[in-house]
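Report on the structure given below.
This is a predicted model, so every value here is computed, not measured.
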Protein chains: 2
Amino acid sequence: MTAPRDIPNNLLESLKSLGLTKYEALVYIGLLRVAGATATEVHETSGVPRASVYPVLDRLVQKELVCVSHTTPKRFDAVPPDRGVENLMRRIESDAENARKTLDAIYREKGPEVRGSQELIWTIYGEENIKTRLAEMFRRAERSVEVLAANDLLEGGVLALLNDVLGSVQVDIVTDRLPGERPSRFGIHILPLAAPCEVHPTQGKLLPYERSGVFLVDDARTLLWLGSSGEQPSALYSESAGFVQFVRRHIASVTERARAAGQ
Amino acid sequence: MTAPRDIPNNLLESLKSLGLTKYEALVYIGLLRVAGATATEVHETSGVPRASVYPVLDRLVQKELVCVSHTTPKRFDAVPPDRGVENLMRRIESDAENARKTLDAIYREKGPEVRGSQELIWTIYGEENIKTRLAEMFRRAERSVEVLAANDLLEGGVLALLNDVLGSVQVDIVTDRLPGERPSRFGIHILPLAAPCEVHPTQGKLLPYERSGVFLVDDARTLLWLGSSGEQPSALYSESAGFVQFVRRHIASVTERARAAGQ
DNA sequence: TAAATGTTGTTGCTAATATAACAACAAGGT
DNA sequence: ACCTTGTTGTTATATTAGCAACAACATTTA
């Protein structure tokens, strides 16, 4: 092909992920500029080989991105971008719905209790995925929930998830500060979480507890929220006895030191 | 590959249009069934060659569809389908937003008056696209709007579009019946539109005006809504003098005959 | 202990498919 | 006779699919 000229590369990528090929994208973009072009004109403004332009235009008409005139030679015009993108998304969303349904049927075939479990440590990527797992942990809590988390994490939606915890479950939250109302049924402990780096006192820096948190349910299941500022957060989840033991010690030690330093 | 077994074919297609390859889809589906599988187990349940399973799993982790355990050997688990599909859609929607923005900038570069025009007859596919065009016609009407349409079309959203017509514009609607309130500013004419097929009286059948309509704005721009029941509707749009002339005669003749038959 | 076996994770190569690009030509209009 | 449109093939190129071989490590067996 000649030169795709001044077309931002990510635009082509975006259109590809909406189901267009490179040619389809180029032709559509070209048609946005000229309006009512013949196939040859489309070929000229898009840089797509003339012979390839015909099948591409057919597909674009099929996808409801361009309309055709009833003349000879045929003339083509692009559907306005917002409408065009919407037309593409409609198909994709129907596919998504179909996939969701079918996958869910497969997912439910196996009993819901077979999942997760075992003596493993899982890593979960993505904030939404972590919250999903947390929500499930809270929902299935039977005796106790312990939370050790920076305020920003709680405010960022985690606190809301705790509403699903059964009333009969003992909930303890350790955090650095907590504006807004405090749900009375929770045991709240405000403590300075940022701890001086004692073991390796590089520059006397503080190790802040930002975007991080530790969650322990029924002394049996635990989740470590590992957030590095700016980046995509990840988390460790485990039901392993050893790992749970480690987390219990961590919560105890942080709480104790924080309490000592705070008083 | 061995046998993709009992996987509905459209599921693979749907997942592909969400940005997965065949292998990625198969592995994800396989993981929904087993939970906490090793790479080899994934290979067995998905039918994907063992050597290919590793890069595929990497990509799925990247796409937030599976999570990994910190053991040797590594174990993998699928995120629940609704969450997984949502994760995929998030990326696509951000691409759609990006594309929409960038395309719109390109679209607006050329003056809005260069569009359409000329002595052409355009065919528009898809109900939404037709409505968009209709809306624009109504919005830009300066003197008159004439509508000849079956009731089902008006009720299906077309009537709502007429609210955008300027108050100074004369609006005449001819239709077979019109339940609900009638906007007083419009001239409404209720006439039996279904006409006997006189020219070719095959079996004395009626030619109903279903899902069809004729729209004429300022005696200069016209749109023919061609709806065949069940199928995707299409439309002809034109500013050609000859075509407009034809449509004016059509409206006049249908109205007159209907009026005669009705009285 | 040492060899045999087996599994995991990697690398590199080949085959199949979809997309991109080109050449050639029939039909029709000027 | 010339040019343009629209169509049909055929050839590249890129992506995806599939395979074979191997090093690292663990497990078994002699």
Side-chain angles (χ1 to χ4, degrees), chain A residues 1-5 7 9 12-13 15-31 34 36-63 65-66 68-77 120 123, chain B residues 1-5 7 9 12-31 34 36-63 65-66 68-77 119-120 123:
Chain A
M1 242 192 51
T2 59
R5 298 199 315 208
I7 292 172
N9 204 292
L12 290 180
E13 286 307 311
L15 288 174
K16 257 190 220 171
S17 92
L18 296 183
L20 298 191
T21 71
K22 193 176 167 188
Y23 277 6
E24 288 165 352
L26 289 173
V27 165
Y28 181 64
I29 296 171
L31 267 178
V34 289
T38 68
T40 319
E41 286 166 345
V42 169
H43 147 66
E44 285 161 355
T45 61
S46 68
V48 171
R50 199 179 60 86
S52 304
V53 139
Y54 294 92
V56 167
L57 281 169
D58 286 347
R59 278 175 278 161
L60 286 177
V61 170
Q62 200 62 29
K63 290 176 180 170
L65 285 177
V66 315
V68 210
S69 85
H70 272 175
T71 53
T72 54
K74 283 183 188 169
R75 290 188 170 267
F76 301 88
D77 201 358
L120 299 174
T123 67
Chain B
M1 242 193 52
T2 58
R5 298 198 315 210
I7 292 173
N9 203 292
L12 290 180
E13 285 308 311
S14 292
L15 287 174
K16 257 191 220 170
S17 91
L18 296 182
L20 299 191
T21 71
K22 192 177 167 186
Y23 277 5
E24 287 165 351
L26 288 172
V27 165
Y28 180 64
I29 296 170
L31 268 179
V34 288
T38 67
T40 317
E41 287 166 345
V42 169
H43 148 65
E44 285 161 355
T45 61
S46 68
V48 171
R50 198 180 62 87
S52 305
V53 139
Y54 294 92
V56 167
L57 281 169
D58 287 345
R59 276 175 282 161
L60 286 177
V61 170
Q62 199 62 28
K63 290 177 179 168
L65 286 177
V66 316
V68 211
S69 84
H70 272 176
T71 54
T72 54
K74 283 183 189 171
R75 290 188 170 268
F76 301 88
D77 201 359
E119 303 291 291
L120 299 174
T123 66

Give the rounded distance in Å between these two atoms: CG of A:L26 and P of C:dT19. 15 Å
Atom-pair distance (CG on A:D58; C1' on D:dT5), nearest Å: 14 Å
Please enumerate all protein N or O atoms sitting under 3.5 Å from an N or O of nucleotides 22-25 of chain D, with distances to 0.1 Å.
none

Rounded distance in Å - OH (A:Y54) to P (D:dG9): 17 Å
Check every strand shown and say whether A:T72 touches a base, only sugar-phosphate, or nothing at a heavy-atom separation below 4.0 Å. nothing
For a quick test of reading the model, state the closest non-hydrogen atom pair linking A:Y28 to A:L60 and the distance between them. N-CD1, 4.0 Å
Distance in angstrom units between A:Y23 OH and D:dA12 C1', rounded: 11 Å
Looking at every non-hydrogen atom in both residues, tell me the closest pair between A:R75 and B:L120 and how far apart they are. CD-CD1, 3.5 Å
Closest nucleotide of DNA chain C for A:R59 versus for B:T71: which of these residues is on the 5' side? B:T71
Residues two or more places apart in sequence or in another chain: which of them pass side-chain hydrogen bond (donor to acceptor under 3.5 Å, both in side chains) with B:S52? none
Closest non-hydrogen contact found for A:L31 with A:A37 is CD2-CB, 4.1 Å
Using the side-chain heavy atoms of B:A39, tell me which of these nucleotides is nearest: D:dG6, C:dG9, D:dC19. C:dG9
Rounded interatomic separation in angstrom, taking CG from A:L20 and C1' from C:dA18: 15 Å
Quickly work out the A:K22 NZ to D:dT13 C1' distance and round it to whole Å. 11 Å
Options C:dC22, D:dC19, D:dG6, nucleotide nearest the side-chain atoms of B:P49: D:dC19
Starting at the 5' end of DNA chain C, which residue's closest nucleotide do you reach first, B:P55 or B:E41? B:E41
Closest listed nucleotide, where the reference is the side chain of B:T38 and the choices are D:dT5, D:dA17, C:dT8: C:dT8
Does A:T40 make a side-chain N or O approach to OP1 or OP2 of D:dT5 shorter than 4.0 Å? yes
How many Å lie between NE2 on B:H43 and P on C:dT7, as a whole number? 11 Å
Side chain of A:P73 - closest among D:dG6, D:dG18, C:dA20: D:dG6
Are A:R50 and A:E44 ion-paired here, with the side-chain N under 4.0 Å from a carboxylate O? no
I need the single residue from B:D58, B:L57, B:V61 that forms a side-chain contact (heavy atoms from CB on, under 4.5 Å) with B:V68. Which is it? B:V61
Using OP1 and OP2 only, check whether a side-chain N or O of A:S52 sits under 4.0 Å from C:dA20. no
Do B:K16 and B:E24 meet the salt-bridge criterion of a basic N to acidic O distance under 4.0 Å? no
Using atom CG of A:L12 as one end and atom P of C:dT19 as the other, report the distance to the nearest whole Å. 15 Å
